[in-house]
Amino acid sequence: MPLLLFAATLYGFSQSQAQKAQAVTESDGTVYDISITDSADSQGRVHVMAKDLFISAFVILISVALVVGLWVYRSIAVPLVKLKKATQNIKEGNLDFVLDVEGKDEFSELCQDFEEMRRRLKESTEEKSLIEKENRELISNISHDLKTPITAVKGYVEGIMDGVADTPEKMDRYVRTIYNKTNEMDHLINELTFYSKIDTNRIPYTFNKLNVEDYFEDCSEEVGLELETRGIELVYANYVEKDVMVIADGEQIRRVIHNIISNAIKYMDKPKGIIQIRIKDVGDFIQIEIEDNGKGIGPKDLPYIFDRFYRTDVSRNSSKGGSGIGLSIVKKILEDHGGKVWATSRLGIGTIMYFVLRKYQEVPMK
């Protein structure tokens, strides 16, 4: 519009000048008519200028329209096309893509938020898939490991009923075997129940002050009775002073010891099995060491033995069953107590499990 107004003004000015030049009178009275020639030249120049201005304005308008159109396409249309394609992928269940949009405008921020949603949705889907896989594996493990002792119990009971155990020694051996197998089943069922509480963070803790010497001596006596029925020797040693206390849930720490020892029994391959329990004072903590002379754990397996469902015997032969969650339960309980657990092992020689509990220390009141 400014260009058009300028052209119109220029045209009006040239017309006025042409009218004023209609006639020029010299001093001698002679009149010269120059209006026709000058007026024609002025009008021609004005028309050319106006035409050039119109063409320039049209080119500028076209250029501005193209620039604005390109900007709109790049900042709005392209992100919308990508967003539509991403939405279609999610609708079809495909989360393996990346919505890559650069920029700082509102549409780019919308696409970035959409990409974050896709990433979190993918993580959630993968986590759900992993949990479902673990649950299926747990059910398979528990079913397998319950079937094995039940079959053994059934066989020994049938042997007693058929009179195979016709001597006191055979009867005693049969009864002890049935007792051990029922203990295995009871342990597996307890693990399954406790696993459900771990999965929902509903482990019931009752923390109390426990005298280290008295508590672990009771635990060793309880464990010793079970090991005796299996022909395994228990060696217990306490190097902690009589008045040392810890704050812990006695029932859950018993579960820790029982799970570790059950794992040691499971992989015992020596004719004369030996399990040692040592209680040591290590400054602000009490360290418990449980050592066995079993088959040991390979270096490639050792870092993963506390992971849920990890098993070193992937073949799952019946003599070394287990749900694969015993040591993960140990780790969870000790972490909730503010302690930790780790292990060292040598193949063919044995394994040592370590865990620590913080000492109870009274803070003097000022």
Side-chain angles (χ1 to χ4, degrees), residues 141-142 144-153 155-156 172-191 216 219-237 253-279 288-307 309-331 334 341-355:
N141 291 352
I142 293 292
H144 178 278
D145 297 326
L146 281 176
K147 183 178 180 180
T148 302
I150 287 174
T151 303
V153 168
Y156 282 105
D172 181 66
R173 183 162 58 87
Y174 275 38
V175 170
R176 282 178 178 272
T177 304
I178 292 171
Y179 174 75
N180 290 334
K181 296 300 181 181
T182 53
N183 277 341
E184 287 180 11
M185 289 188 288
D186 183 62
H187 176 63
L188 287 170
I189 293 170
N190 287 337
E191 271 194 346
F216 285 102
C219 288
S220 66
E221 290 179 0
E222 180 182 331
V223 169
L225 294 175
E226 181 181 356
L227 294 179
E228 186 180 352
T229 63
R230 297 175 179 272
I232 299 174
E233 180 184 355
L234 174 66
V235 179
Y236 172 75
I253 298 302
R254 285 179 189 272
R255 186 185 299 275
V256 166
I257 295 172
H258 182 76
N259 283 7
I260 292 175
I261 290 180
S262 295
N263 206 66
I265 294 171
K266 187 190 310 178
Y267 296 100
M268 183 65 69
D269 63 345
K270 305 296 190 301
K272 178 61 177 178
I274 301 175
I275 292 180
Q276 303 179 52
I277 300 178
R278 296 183 292 269
I279 315 299
I288 297 89
E289 302 175 0
I290 302 178
E291 181 177 358
D292 65 68
N293 65 334
K295 64 182 294 186
I297 304 170
K300 68 181 181 63
D301 294 315
L302 193 60
Y304 308 105
I305 59 174
F306 297 102
D307 292 350
F309 301 113
Y310 187 81
R311 294 171 53 86
T312 58
D313 60 321
V314 293
S315 61
R316 287 197 56 81
N317 64 62
S318 59
S319 65
K320 296 177 178 61
S323 61
I325 61 175
L327 292 182
S328 67
I329 289 175
V330 167
K331 181 181 178 182
L334 290 172
V341 61
W342 69 98
T344 59
S345 185
R346 289 186 293 174
L347 283 174
I349 296 177
T351 302
I352 306 177
M353 293 282 181
Y354 305 85
F355 67 89

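Between the CG atom in Leu234 and the CD atom in Glu222 there is a gap of 12.0 Å [rounded to 0.5 Å]. Annotation: the span from Gln276 atom CD to Ile290 atom CD1 amounts to 11.5 Å, rounded to 0.5 Å. In this structure, Ile275 CD1 and Ile260 CD1 are separated by 10.5 Å, a value rounded to the nearest 0.5 Å. Summarising the geometry, atom CD1 belonging to Ile305 is positioned 7.5 Å from atom OG belonging to Ser345; distances are rounded to the nearest 0.5 Å. Atom CD1 of Ile297 and atom CG of Leu302 lie 5.5 Å apart (nearest 0.5 Å). The CZ atom of Arg176 sits 13.5 Å away from atom OH of Tyr156, with the distance rounded to the nearest 0.5 Å.
Ser328 contributes no side-chain N or O that, together with a main-chain N or O of Asp307, makes up a donor-acceptor pair within less than 3.5 Å. Between the side chain of Lys295 and the backbone N or O of Gly348 there is no donor-acceptor pair closer than 3.5 Å. Lys181 places no side-chain N or O within donor-acceptor distance of the main-chain N or O of Ala152, the cut-off being under 3.5 Å. At least one donor-acceptor pair under 3.5 Å links the side chain of Asn293 to the backbone N or O of Lys272.
Side-chain contact between Thr229 and Leu225 is absent, with no heavy-atom pair separated by less than 4.5 Å. With contacts defined as side-chain heavy-atom distances shorter than 4.5 Å, the pair Ile261/Ile277 qualifies. The side-chain heavy atoms of Met353 and Val330, taken from C-beta on, include no pair separated by under 4.5 Å. Phe216 places a side-chain heavy atom less than 4.5 Å from the side chain of Ile257. Residues Val256 and Phe355 form a side-chain contact, since some pair of their non-hydrogen atoms from C-beta on lies under 4.5 Å apart. Side-chain contact between Ile265 and Met268 is absent, with no heavy atoms from C-beta onward closer than 4.5 Å.
Within a 6.0 Å radius of NZ in Lys147, other residues, nucleotides and ligands contribute 12 heavy atoms or fewer. Residue-environment remark: CD (Glu228) stays at or below the threshold of 12 foreign heavy atoms within 6.0 Å.
Considering every non-hydrogen atom in both Tyr236 and Ser220, the closest pair reads CD1-CB, 3.6 Å. Closest approach of Arg230 to Asn180, counting heavy atoms only: NH2-O, 4.0 Å. Minimum interatomic distance between Leu327 and Asn263 (heavy atoms only, all atoms of both residues): CD1-ND2, 3.8 Å. Of all non-hydrogen atoms in Lys270 and Gly294, the two that sit nearest each other are NZ-O, 2.9 Å. Contact record, Asp292 with Ala264: OD2-CB, 3.5 Å, taken as the closest heavy-atom pair. When all heavy atoms of Pro299 and Leu347 are compared, the pair lying nearest together is CD-CD1, 4.4 Å.
Ring geometry for Tyr354 against Trp342 counts as parallel: the plane angle stays under 30°, on a 0 to 90° scale with 60° as the upper cut.
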Ile253 and Leu334: CA distance, side-chain angles, deciding distance, side-chain contact (heavy atoms from CB on, under 4.5 Å) verdict: CA-CA 8 Å; Ile253 298 302; Leu334 290 172; 4.3 Å; yes
